[in-house]
**Q** 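Provided herewith is a single structure, encoded as structure tokens, for subsequent inquiry.
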Amino acid sequence: MPELPEVQTVVNDLIAGGLIGKTICGADVFWNKSIGNLTSGEFSETITGQIIMTVRRRAKYIIIDFKSAVHLLIHLRMSGRLIIIPTSVETNKHEHVILHLNDNRDLRFHDTRKFGRMILTDKPDTILGNLGPEPLSADFTVAQFKTILKSKHRQLKPLLLDQTFIAGLGNIYVDEALWEARLHPQKIAATVSPKKAADLYNAIRYVLQQGIDNQGTSLGNGQSNFTSAENQRGNNAGNLKIFRKTGHLCPRCQTKIERIIVGQRSSHICPKCQKA
DNA sequence: TTTGGTGTTTCGAG
DNA sequence: CCTCGAAACACCAA
């Protein structure tokens with residue numbers, strides 16, 4: 001669920017919530033798989049006493065850098081949430097890891113589907129090193145995008161979802177970007193013209209930035225729905241043109257939107273704007 | 001009540 | 001190198 005804009009929103013909230021400079025004064029682990037290969041004892045022992053220096057995002061990872069050589073990498077996967085909340089508030093059954101801060105508040109990892117991970121490591125590059133470029137960074141250029149696109153004989157949809165090709169995109173923003181650029185999800189990357197490659201580059205940056213500007217996309221009301229660290233829903237759902245709009249009319253040409261499966265993922269297209 | 005689908009990633013087989 | 005299917009897990013809508 002959380003893609004680049006949602007993860008960035010969480011990071012922004014954590015910083016606004018005053019996490020920088022706080023000390024972790026204890027940890028409780030209620031679901032061991034949430035912390036990777038460490039035991040709860042190792043995790044608690046290592047993280048207790050750590051002072052938070054920076055909070056940042058890389059791809060869909062939230063990274064908490066401590067003043068020591070230790071880093072906490074957090075991946076929310078499908079349903080993870082991070083919330084800052086007073087320690088006095090009763091815990092919820094979906095809160096699998098709780099970090100106690102030195103101001104009577106907790107940073108709690110809430111994850112209904114338990115796919116998310118908090119990885120404590122002094123070698124973050126073993127996880128972050130294989131990720132593709134950040135689509136919104138200044139050094140990710142349209143020329144670079146054209147070059148890497150040309151080298152891939154893969155369908156656009158699974159390629160754009162591949163975090164080693166480009167970082168941060170998920171099902172929602174890929175569908176939106178492909179619609180913006182009028183490209184079919186099954187088109188082979190290497191066959192995209194330079195002009196259309198530039199359109200796709202601009203579309204990716206546009207939909208992601210719009211998502212960030214609106215604090216992310218929240219759909220529906222379920223347990224897995226996105227909420228920020230301030231427990232707020234995102235405001236970007238109203239900007240979606242195609243995602244989960246099956247049967248609605250394309251805002252550009254009024255053709256009925258269709259849902260197809262590409263690379264085992266549901267994809268939403270306008271059959272007129274996005275020719276195979 | 002049961003089934004199928006869900007916004008992510010990783011793994012192994014072919 | 002690429003593609004596919006399955007698995008990790010809980011919930012929700014039909």
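Heavy-atom basis, side chains included; hydrogens, waters and symmetry copies ignored. Sequence lines set the chain letters: A, B, ... in the order given, protein chains first and strands last, and positions in each chain run from 1. Everything numeric here is computed off the predicted structure, so don't read it as measured data.
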**Q** Heavy atoms only, 4.0 Å cut-off, all strands: where does A/Gln264 land among base, sugar-phosphate and nothing?
**A** base
**Q** Please state how far atom CG in A/Leu219 lies from atom P in C/dC12, giving the value in whole angstrom units.
**A** 15 Å
**Q** NA contact type, A/Asp111, heavy-atom cut-off 4.0 Å: base, sugar-phosphate, or nothing?
**A** nothing
**Q** May I ask you to verify whether the side chain of A/Arg113 and the base of B/dT6 hold a donor-acceptor pair under 3.5 Å?
**A** yes
**Q** For A/Ser266, which contact category applies under a 4.0 Å heavy-atom criterion: base, sugar-phosphate, or nothing?
**A** sugar-phosphate
**Q** Would you state whether a donor and an acceptor, one from the side chain of A/Arg244 and one from the base of B/dG7, lie under 3.5 Å apart?
**A** yes
**Q** For A/Arg77, answer base if it contacts any base atom (sugar-phosphate contacts may also be present), sugar-phosphate if it contacts only those atoms, and nothing otherwise; contact means non-hydrogen atoms under 4.0 Å.
**A** base
**Q** May I ask you to check whether A/Gln163 and A/Tyr61 show a side-chain donor-acceptor distance below 3.5 Å?
**A** no
**Q** A/Arg259 near the nucleic acid: base, sugar-phosphate alone, or nothing, with a heavy-atom cut-off under 4.0 Å?
**A** sugar-phosphate
**Q** Only Watson-Crick and G-U wobble pairs with both distances less than 3.5 Å should count. Give DNA chain B in dot-bracket notation, marking inter-strand partners with |.
**A** .|||||.|||||||
**Q** Roughly how many Å is it from CZ in A/Arg117 to P in C/dA7, rounded to a whole number?
**A** 17 Å
**Q** From CE of A/Met78 over to P of B/dT9, roughly how many Å is that when rounded to an integer?
**A** 10 Å
